[in-house]
Amino acid sequence: QKTYSISGITGSGVLPEIETIFSTVIDQPVPGYYWYILELTFSVTGDVIIDAAEFNLRSLSAQVVKQ
């Protein structure tokens with residue numbers, strides 16, 4: 001989980017792009033089943049309207065280890 005706080009916003013405009021990288025995730029699903037979900041939540045106070053969010057390049061690298 002990553003959390004970003006932005007304050008002091010006035011008027012309208014576009015916020016800068018924020019690069020978020022997750023690494024070293026160990027997953028143990030049942031055999032043959034891998035499901036990765038990206039979930040995004042905006043929590044706002046005051047008169048803020050979010051009308052768009054953009055996701056850029058995403059990638060997944062996996063290593064298979066046989067026992």
(request) Give the intermediate values and the outcome of side-chain contact (heavy atoms from CB on, under 4.5 Å) for residues Val48 and Phe42. (result) CA-CA 10 Å; Val48 176; Phe42 293 100; over 6 Å; no

(request) Flag the pair Tyr4 / Thr20 as yes when at least one side-chain heavy-atom distance between them is below 4.5 Å, and no otherwise. (result) yes

(request) Tell me, yes or no, whether the heavy-atom count around Ile49 atom CD1, taken from other residues, nucleotides or ligands under 6.0 Å, exceeds 12. (result) no

(message) Membership question, hydrophobic clusters at under 4.5 Å side-chain separation (ILVMFWY): are Val14 and Ile18 in the same one?
(response) no

(request) Report the residues that fulfil side chain to side chain contact (heavy atoms under 4.5 Å, CB included) with Ser12, sequence neighbours left out, ordered by chain and then residue number. (result) none

